[in-house]
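See below for the structure under consideration.
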Amino acid sequence: MSGERPRIAFIGLGRMGEPMAECLLRAGYHVTGQDAVPGRAAAFAVRTGAEAVATPADAIAAADAIITMLPSSKEVAQVIEQSLHAFQDGQLLLEMSSGAPATTRHLGTLVSPRGVAMIDAPVSGGVSRAKDGTLAIMAGGEDQDLDRATPILQAMSTTIHRVGGLGAGQAMKALNNMVSAAGFLAGIEALLIGQRFGLDPARMVDVLNASTGMTNSSQKKFKQFVLSRRFDSGFGLDLMLKDLGIAVDLARQTETAVPLSSHTRELAAAAVAQLGHGRDHTEFARLSELLAGTELKARENLP
Ligand code: NAD
């Protein structure tokens, strides 16, 4: 890599990408941003002092390391396949989207003949931890490539788990989100039952959080985004459905019978069908409310 600090091309300046790119700037990296939404990279550049370019190929051509943070593997494949000519020997490609491991492995074989090393490093922690630079990262790839990527990843995260070869990080990420989604749904159903029985859902969340029913959703989502009716966590329901699809595909590939996971994916698909695209993932609760014929209401004042 040239110079003391790598020049990083950051492709995908959405809810997660923008704060992550800002962490890299804060750590002293030169960042060139690109996004499909016209003006998004330029606005980011004006606000932060990063550089903005119009096409992924422009960003890739001038970079030592390339980060993709796009909705799904579909967009990542589109960007990489269309920009293949811009990749150069010695570059490092960090695919940080929550993507499909098989597509990522295929993309690795496309860039490898050009002398480009690829790792996958999807993240967990949401927008708030992206802003703080405290994301959890699950990384897949060859050890020497992960070693090269580590200083860049450390600028955005506090925990980096190496979980296997290329694609392993994304497999882990999809499975994490499957656990998270199933836990969310179980908790919401408990709140709905409890409310009908006469319990206050807000008090129930306090009890869950002091008991064995505690989950990330009970701690960080039920009061904040569901009972408050804010539904603005910053993680899309469409993206959650995509992640559940990856998890269930992995189950098929490995011939693992997973009725609960499959059912969770189907319910997420039903939630998107009922509510429409562009909803927050915490609106998954609205499907349960619809099915139960009642809406969750906190009796206590929420913080
Ligand atoms: P987002 O939709 O907010 O951002 C995606 C960005 O990619 C958008 O700015 C979009 O314009 C851009 N984009 C789409 N296609 C493009 C293309 N062909 N070329 C260039 N730019 C393109 O999504 P997000 O919430 O930032 O999520 C990004 C990834 O991170 C997803 O894989 C998601 O599952 C994962 N993730 C999200 C969260 C979260 O809390 N939002 C948490 C962990 C992981």
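Just so it is clear, the model here is predicted, and its values are computed rather than measured. Ligands are counted one by one from 1 in listed order, and the atoms in each one are counted from 1 as well.
Checked against Glu18 for a side-chain hydrogen bond (donor to acceptor under 3.5 Å, both in side chains), the options Arg47, Arg40, Lys131 give a single hit: Arg47.
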Ligand-protein N/O pairs under 3.5 Å (ligand 1):
{"unit_1": "ligand 1", "atom_1": "3 (O)", "unit_2": "Arg15", "atom_2": "N", "d": "2.9"}
{"unit_1": "ligand 1", "atom_1": "9 (O)", "unit_2": "Gly14", "atom_2": "N", "d": "3.4"}
{"unit_1": "ligand 1", "atom_1": "9 (O)", "unit_2": "Asp35", "atom_2": "OD1", "d": "3.3"}
{"unit_1": "ligand 1", "atom_1": "9 (O)", "unit_2": "Asp35", "atom_2": "OD2", "d": "2.6"}
{"unit_1": "ligand 1", "atom_1": "9 (O)", "unit_2": "Arg40", "atom_2": "NH1", "d": "2.5"}
{"unit_1": "ligand 1", "atom_1": "11 (O)", "unit_2": "Asp35", "atom_2": "OD1", "d": "2.6"}
{"unit_1": "ligand 1", "atom_1": "21 (N)", "unit_2": "Ala36", "atom_2": "N", "d": "3.0"}
{"unit_1": "ligand 1", "atom_1": "26 (O)", "unit_2": "Arg15", "atom_2": "N", "d": "3.3"}
{"unit_1": "ligand 1", "atom_1": "26 (O)", "unit_2": "Met16", "atom_2": "N", "d": "2.9"}
{"unit_1": "ligand 1", "atom_1": "32 (O)", "unit_2": "Leu70", "atom_2": "O", "d": "3.1"}
{"unit_1": "ligand 1", "atom_1": "32 (O)", "unit_2": "Pro71", "atom_2": "O", "d": "2.8"}
{"unit_1": "ligand 1", "atom_1": "32 (O)", "unit_2": "Ser98", "atom_2": "N", "d": "3.0"}
{"unit_1": "ligand 1", "atom_1": "32 (O)", "unit_2": "Lys242", "atom_2": "NZ", "d": "3.2"}
{"unit_1": "ligand 1", "atom_1": "34 (O)", "unit_2": "Lys242", "atom_2": "NZ", "d": "2.7"}
{"unit_1": "ligand 1", "atom_1": "41 (N)", "unit_2": "Gly234", "atom_2": "O", "d": "2.9"}

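Note on Arg229 versus Glu289: salt bridge recorded, some NZ/NE/NH1/NH2 to OD/OE distance being below 4.0 Å.
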*asked:* Pair Glu95, Gln170 - check side-chain hydrogen bond (donor to acceptor under 3.5 Å, both in side chains), show working.
replied: CA-CA 9 Å; Glu95 157 52 341; Gln170 291 179 330; 3.2 Å; yes

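Between His281 and Phe184, the two ring planes are tilted [angle within 30° to 60°].
For Gln88, the CD atom counts as densely surrounded, since its 6.0 Å shell holds more than 12 non-hydrogen atoms of other residues, nucleotides or ligands.
His30 is listed as a side-chain neighbour of Glu51, based on a closest heavy-atom distance under 4.5 Å.
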